[in-house]
Amino acid sequence: MTDSSDIRSNQPVIVEACAEFVQRDMLEIKGSFPGLLRDAPMSSTAVVNGLSQQLIYQLQLIMPDAFVSFDELNVHLGDAAFPYVQTQAKQALQRAIQDRGQRMHVNSAYRTIAQQMLLYNDRFNNSNPVAPPGTSNHQTGLAIDIEDALGWEPYLMQYGWNPLPGDPPHFDYQGGGTIDLRSTSILAFQRLWNQNNPNAKISEDGGFGPQTEGALNRSPAPGFPKAPWDNKPRTLRLAMPRMEGSDVLKLQEALKKAGIVVGADGEFGPATDKAVKEFQQKKGLNPDGIVGPKTRELLMH
Ligand SMILES: [Zn+2]
């Protein structure tokens, strides 16, 4: 049985309704809602940041070169703006930002299907149609929502980033050399769900149907107990959105054990960054605040 009969389309979405989402995502919300996605308040998509980070990491395990982070560019990121786009799209973005010589405020780039689900659940409160999870260009790493869209438009269009009529903050990258990641974004969720629900498995078909929709709504907003980084640790550092999860909690507990004062809340904020640097200094490592293999090994043994 496949789960993809109702919605599975490579057609571009005409309306993204991003203008309305951006209003909410500009609220300062940090830390995930402690419950299931379906019960989470529709205030900002940051309330599913924990689950979103697991989905992004799971997607990267399936397809390591799927997209790249652009957070080192001259950008300001919102609390729910995961700074991932495909390689070609990033190069184009970089050129546009260099040409204008200004910082770009990004309120959304890669949007996980957990974030899209929240928006979709709330679609009747929106004046514009909301793309079902897995059909938005934000799920393929080829879309951004930004501030000062009119000011950026000529710079972006020069490099293949085009505005979406009727949705002012939204730009799609149409410069070519890209792939469609939307079904992989859904597959990442299906795998993660199955790893955590061996007795209630769903089809891993990359399609978004009623079965996947139901499972997504019953998923914990802070992320699943079995995280995709359990077997292959992710690099932890101070980032936007704030990294959160079981691995951050373990890091903080290890820092405490090493005699460094830090709160153990499972979120990598400025205090954790400071604590990591202090630990690295103590051990004669480069105090860059980045928890890669070396720092991890010294901390976790
Ligand atoms: Zn958008």
Quiz item: Are D79 and P241 close enough that some pair of their side-chain heavy atoms sits under 4.5 Å apart?
Solution: no
Residues Y84 and Q60: closest non-hydrogen pair is CE2-NE2, 3.8 Å
(message) Is it the case that the side chain of Y155 and the backbone of L93 share a donor-acceptor pair, with hydrogens and angles ignored and the cut-off at 3.5 Å?
(response) no
Derivation and outcome, side-chain contact (heavy atoms from CB on, under 4.5 Å), residues R296 and L299: CA-CA 5 Å; R296 187 181 307 113; L299 256 175; 5.7 Å; no
_Backbone of A143 reached by a side-chain donor or acceptor of N137 within 3.5 Å_ = no
Quiz item: Is N197 reaching over with its side chain to a backbone N or O of A200, donor-acceptor style, under 3.5 angstrom?
Solution: no
Interatomic distance, CZ@R218 vs CG@L36, rounded to 0.5 Å, equals 9.0 Å
ring-ring contact (aromatic ring centres under 6.0 Å, His included) pairs touching residues 127-152, sequence neighbours excluded, are H138-H170
Practice problem: Under the side-chain contact (heavy atoms from CB on, under 4.5 Å) rule, what do I146 and L156 come out as? Steps first, then yes or no, please. | Solution: CA-CA 11 Å; I146 59 171; L156 285 168; 3.7 Å; yes
#### Entry: Derivation of the salt bridge (Lys or Arg N to Asp or Glu O under 4.0 Å) call for E72 and K90
CA-CA 11 Å; E72 85 281 13; K90 177 183 173 177; 2.6 Å; yes
Check: Looking at side-chain heavy atoms only, is the closest gap between V130 and Q116 below 4.5 Å?
Finding: yes
**Message:** Please check this pair: side chain of S69 against backbone of D71, looking for a donor-acceptor N/O pair closer than 3.5 Å.
**Reply:** yes
Between the main-chain N or O of L61 and the side-chain N or O of K232, is there a donor-acceptor pair closer than 3.5 Å?
no
- Evaluate side-chain contact (heavy atoms from CB on, under 4.5 Å) for M42 paired with N125, printing each intermediate quantity in order. CA-CA 10 Å; M42 190 39 253; N125 292 322; over 6 Å; no
Does any N or O in the side chain of Q252 come within less than 3.5 Å of the main-chain N or O of E267, such that one atom is a donor and the other an acceptor?
yes
Point to revise | Any donor-acceptor N/O pair, Q139 side chain to R182 backbone, under 3.5 Å | key: no
CZ (R191) and CD1 (I186) are apart, to the nearest 0.5 Å, by 13.5 Å
Exercise. Under 3.5 Å, is there a donor-acceptor pair linking the side chains of N194 and E204?
Worked result: yes
Side-chain ion pair, D265 and R242, N-O less than 4.0 Å:
no
Any side-chain heavy atom of T212 within less than 4.5 Å of one from Q190? yes
Flag the pair W161 / R95 as yes when at least one side-chain heavy-atom distance between them is below 4.5 Å, and no otherwise. no
Item checked: Full working for side-chain contact (heavy atoms from CB on, under 4.5 Å) between S136 and Q115 -> CA-CA 11 Å; S136 165; Q115 291 176 292; over 6 Å; no
The reported gap from CG in D288 to CG in L238 (rounded to nearest 0.5 angstrom) is 12.0 Å
**OP:** Indicate if F82 and M63 have the same hydrophobic cluster label, given that clusters are the connected sets of ILVMFWY residues with side-chain heavy-atom separations under 4.5 angstrom.
**Re:** yes
Residues A114 and L37: closest non-hydrogen pair is O-CD1, 3.7 Å
When rounded to the nearest 0.5 Å, the distance separating CD of Q174 from CE of M157 is 9.0 Å
How about V106 and L77: do any of their side-chain heavy atoms sit closer than 4.5 Å?
yes
Notebook entry, point to check: If Ile, Leu, Val, Met, Phe, Trp and Tyr residues are connected whenever their side-chain heavy atoms lie under 4.5 Å apart, and connections chain through other members, are M104 and M240 in the same group?
Noted result: yes
Dump the intermediate steps for side-chain hydrogen bond (donor to acceptor under 3.5 Å, both in side chains) on T295 and Q280, then the final yes or no. CA-CA 7 Å; T295 302; Q280 289 171 324; 3.1 Å; yes
Separation between CG (L236) and CD (E244), nearest 0.5 Å, reads 12.0 Å
The reported gap from CG in L59 to CG in L192 (rounded to nearest 0.5 angstrom) is 11.0 Å
Practice item. Indicate if F268 and I260 have the same hydrophobic cluster label, given that clusters are the connected sets of ILVMFWY residues with side-chain heavy-atom separations under 4.5 angstrom. Key: yes
Sub-4.5 Å side-chain heavy-atom contact between V262 and F279 = no
Give a yes or no on whether the backbone of I179 and the side-chain of Q86 come within a donor-acceptor separation of less than 3.5 Å. yes
**Study point:** Q53 vs R234, side-chain hydrogen bond (donor to acceptor under 3.5 Å, both in side chains): CA-CA, chis, key distance, verdict
**Key:** CA-CA 11 Å; Q53 287 174 34; R234 62 176 173 164; 3.0 Å; yes
Can you hop from I144 to L73 via hydrophobic side chains spaced under 4.5 Å?
yes
In short, A92 meets Y173 closest at the heavy-atom pair CB-CE1, 3.5 Å
In terms of heavy-atom contacts, K201 and P198 come closest through CG-O, 3.7 Å
ask   = If two hydrophobic side chains count as joined below 4.5 Å and joins carry through other members, does L255 share a cluster with M243?
value = yes
L216 and I113 have their tightest heavy-atom pair at CD2-O, 3.5 Å
Notebook entry, point to check: Taking it one step at a time, do K277 and D273 satisfy salt bridge (Lys or Arg N to Asp or Glu O under 4.0 Å)?
Noted result: CA-CA 6 Å; K277 287 174 177 162; D273 177 61; 3.0 Å; yes
Looking only at heavy atoms, the pair that brings P222 and G35 closest together is CD-O, 3.6 Å
Do side-chain atoms of Q195 reach the backbone of K226 as a donor and acceptor pair under 3.5 angstrom?
no
**Report entry** Flag side-chain contact, heavy atom, 4.5 Å: N196 against S219
**Finding:** no
message: Would you say that Y110 contacts L181 through its side chain, given a criterion of any heavy-atom pair below 4.5 Å between the two side chains?
response: no
